[in-house]
Amino acid sequence: MQDTNELHRQILEVIALIPYGTVASYGQIAKLAGLPKHARLVGYVLKHLDKESQIPWYRVINSQGKISVTRMDEKGNNVQQDLLEAEGVYLLNGKVSLKKFGWQP
DNA sequence: GCCATGGCTAGTA
DNA sequence: GCCATGGCTAGTA
(Lines give C-alpha, C1' and ligand atoms only; values in the text may rest on other atoms or scores of the structure.)
Protein backbone atom coordinates (compact mmCIF):
# COMPACT_ATOMS: atom_id res chain seq x y z
CA MET A 1 0.00 0.00 0.00
CA GLN A 2 2.72 2.47 0.89
CA ASP A 3 4.68 1.54 -2.20
CA THR A 4 1.86 2.70 -4.39
CA ASN A 5 1.63 6.07 -2.76
CA GLU A 6 5.35 6.39 -3.19
CA LEU A 7 4.96 5.86 -6.92
CA HIS A 8 2.21 8.43 -7.04
CA ARG A 9 4.36 10.89 -5.18
CA GLN A 10 7.24 10.42 -7.61
CA ILE A 11 4.93 11.01 -10.50
CA LEU A 12 3.43 14.16 -9.04
CA GLU A 13 6.91 15.40 -8.24
CA VAL A 14 7.92 15.23 -11.88
CA ILE A 15 4.72 16.88 -13.07
CA ALA A 16 5.39 19.74 -10.70
CA LEU A 17 8.62 20.36 -12.60
CA ILE A 18 7.05 20.97 -15.99
CA PRO A 19 7.89 24.59 -16.80
CA TYR A 20 5.29 27.26 -17.41
CA GLY A 21 4.23 27.36 -21.02
CA THR A 22 5.33 23.84 -21.86
CA VAL A 23 3.70 20.41 -21.94
CA ALA A 24 4.80 16.83 -21.41
CA SER A 25 3.27 13.50 -22.37
CA TYR A 26 2.07 10.84 -19.96
CA GLY A 27 4.79 8.49 -21.10
CA GLN A 28 7.44 11.14 -20.73
CA ILE A 29 6.38 11.80 -17.14
CA ALA A 30 6.41 8.11 -16.37
CA LYS A 31 9.89 7.74 -17.77
CA LEU A 32 11.26 10.74 -15.91
CA ALA A 33 9.74 9.40 -12.72
CA GLY A 34 11.78 6.27 -13.27
CA LEU A 35 8.72 4.26 -14.27
CA PRO A 36 8.92 3.53 -17.97
CA LYS A 37 5.83 1.81 -19.37
CA HIS A 38 3.62 3.35 -16.75
CA ALA A 39 2.04 6.06 -18.84
CA ARG A 40 -1.34 4.76 -17.91
CA LEU A 41 -0.58 5.03 -14.24
CA VAL A 42 0.20 8.70 -14.77
CA GLY A 43 -3.25 9.12 -16.24
CA TYR A 44 -4.75 7.30 -13.31
CA VAL A 45 -2.97 9.43 -10.74
CA LEU A 46 -3.97 12.63 -12.46
CA LYS A 47 -7.55 11.54 -12.76
CA HIS A 48 -7.70 11.07 -9.01
CA LEU A 49 -5.93 14.28 -8.14
CA ASP A 50 -7.95 16.38 -5.75
CA LYS A 51 -9.40 19.62 -6.96
CA GLU A 52 -7.35 21.73 -4.56
CA SER A 53 -4.03 20.42 -5.81
CA GLN A 54 -1.55 22.97 -7.07
CA ILE A 55 0.02 20.44 -9.42
CA PRO A 56 -0.01 21.68 -13.05
CA TRP A 57 -1.99 18.64 -14.23
CA TYR A 58 -3.09 20.44 -17.37
CA ARG A 59 0.48 20.52 -18.72
CA VAL A 60 0.24 16.77 -19.29
CA ILE A 61 -1.21 15.69 -22.63
CA ASN A 62 -0.89 12.58 -24.74
CA SER A 63 2.05 11.84 -26.96
CA GLN A 64 0.22 12.99 -30.04
CA GLY A 65 -0.23 16.44 -28.64
CA LYS A 66 -3.91 15.95 -27.97
CA ILE A 67 -5.85 16.75 -24.84
CA SER A 68 -7.40 13.72 -23.18
CA VAL A 69 -9.42 15.49 -20.54
CA THR A 70 -12.93 16.37 -21.63
CA ARG A 71 -14.02 18.51 -18.69
CA MET A 72 -15.79 21.71 -19.74
CA ASP A 73 -16.55 24.94 -17.94
CA GLU A 74 -19.97 26.63 -17.90
CA LYS A 75 -19.28 28.23 -21.26
CA GLY A 76 -18.61 24.90 -22.83
CA ASN A 77 -14.90 25.45 -23.21
CA ASN A 78 -12.43 22.72 -22.48
CA VAL A 79 -10.88 23.55 -19.13
CA GLN A 80 -7.49 22.11 -19.90
CA GLN A 81 -7.27 23.93 -23.20
CA ASP A 82 -8.12 27.22 -21.53
CA LEU A 83 -5.47 26.79 -18.89
CA LEU A 84 -2.88 26.00 -21.53
CA GLU A 85 -3.84 28.93 -23.72
CA ALA A 86 -3.53 31.19 -20.72
CA GLU A 87 0.15 30.23 -20.76
CA GLY A 88 0.51 30.76 -24.47
CA VAL A 89 0.23 27.11 -25.41
CA TYR A 90 -2.29 26.86 -28.21
CA LEU A 91 -3.84 24.08 -30.24
CA LEU A 92 -3.71 23.83 -33.99
CA ASN A 93 -6.13 21.36 -35.56
CA GLY A 94 -6.84 20.05 -32.10
CA LYS A 95 -3.21 19.45 -31.29
CA VAL A 96 -0.43 21.14 -29.42
CA SER A 97 2.86 21.24 -31.28
CA LEU A 98 5.21 19.22 -29.16
CA LYS A 99 8.01 20.60 -31.23
CA LYS A 100 7.20 24.09 -30.03
CA PHE A 101 5.90 23.43 -26.55
CA GLY A 102 7.23 20.03 -25.59
CA TRP A 103 9.24 20.06 -22.39
CA GLN A 104 12.86 19.15 -22.94
CA PRO A 105 14.35 18.41 -19.52
C1' DG B 1 -7.70 -15.37 -8.60
C1' DC B 2 -9.84 -13.68 -13.01
C1' DC B 3 -11.40 -10.13 -15.96
C1' DA B 4 -12.66 -5.69 -17.64
C1' DT B 5 -11.38 -0.99 -17.52
C1' DG B 6 -8.87 3.18 -18.18
C1' DG B 7 -7.08 11.18 -18.99
C1' DC B 8 -1.65 5.69 -22.80
C1' DT B 9 1.89 4.38 -26.42
C1' DA B 10 5.77 2.76 -29.76
C1' DG B 11 5.71 1.21 -33.94
C1' DT B 12 3.31 -0.59 -38.04
C1' DA B 13 0.27 0.41 -42.34
C1' DG C 1 0.76 -4.37 -25.72
C1' DC C 2 1.40 -2.16 -21.03
C1' DC C 3 0.03 -2.30 -15.81
C1' DA C 4 -2.44 -0.72 -11.45
C1' DT C 5 -7.25 -0.93 -9.78
C1' DG C 6 -11.53 -2.56 -8.51
C1' DG C 7 -15.52 -5.53 -8.70
C1' DC C 8 -16.86 -10.21 -8.50
C1' DT C 9 -16.75 -15.16 -8.56
C1' DA C 10 -14.84 -19.85 -7.03
C1' DG C 11 -13.33 -22.51 -3.56
C1' DT C 12 -11.41 -23.44 1.07
C1' DA C 13 -12.59 -23.36 6.43
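Naming convention: chains lettered A, B, ... in sequence-line order (proteins, then strands); numbering from 1 in each chain.
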Tell me whether Gln10(A) contacts the main-chain N or O of Leu32(A) through its side chain, where contact means a donor paired with an acceptor under 3.5 Å. no
Shared hydrophobic cluster, Val89(A) / Tyr20(A) (ILVMFWY, side-chain heavy atoms < 4.5 Å): no
Decide whether Met72(A) and Tyr58(A) are clustered together by the hydrophobic rule: side chain heavy atoms of Ile, Leu, Val, Met, Phe, Trp, Tyr closer than 4.5 Å, transitively. no
Write down the partner of dG11(C) under the Watson-Crick or G-U wobble criteria, each distance required to be under 3.5 Å.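 Its partner is none (no Watson-Crick or G-U wobble pair with both distances under 3.5 Å).
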Just name whichever nucleotide pairs with dC3(C), Watson-Crick or G-U, keeping both distances under 3.5 Å, else none. dG6(B)
At under 4.0 Å, does any side-chain N or O of His8(A) touch on OP1 or OP2 of dT5(C)? yes
I'd like to compare against my own output: the B/S/- annotation of nucleotides 7-13 of chain B with a strict under-4.0 Å heavy-atom distance to protein. BBSS---
Roughly how far apart, to the nearest Å, are dC2(C) and dG6(B) at atom C1'? 12 Å
Does a sphere of radius 6.0 Å around CG in Asn93(A) hold more than 12 heavy atoms from other residues, nucleotides or ligands, not counting ones at 6.0 Å or beyond?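 No - once you tally the heavy atoms of other residues, nucleotides and ligands closer than 6.0 Å, there are 12 at most.
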Flag for Tyr90(A)-Lys100(A): side-chain donor and acceptor within less than 3.5 Å: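 Yes, a side-chain donor-acceptor pair sits under 3.5 Å.
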Only one of Leu49(A), Leu7(A), Val42(A) clears side chain to side chain contact (heavy atoms under 4.5 Å, CB included) with Leu12(A); which?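 Exactly one option meets the side chain to side chain contact (heavy atoms under 4.5 Å, CB included) with Leu12(A), and it is Leu49(A).
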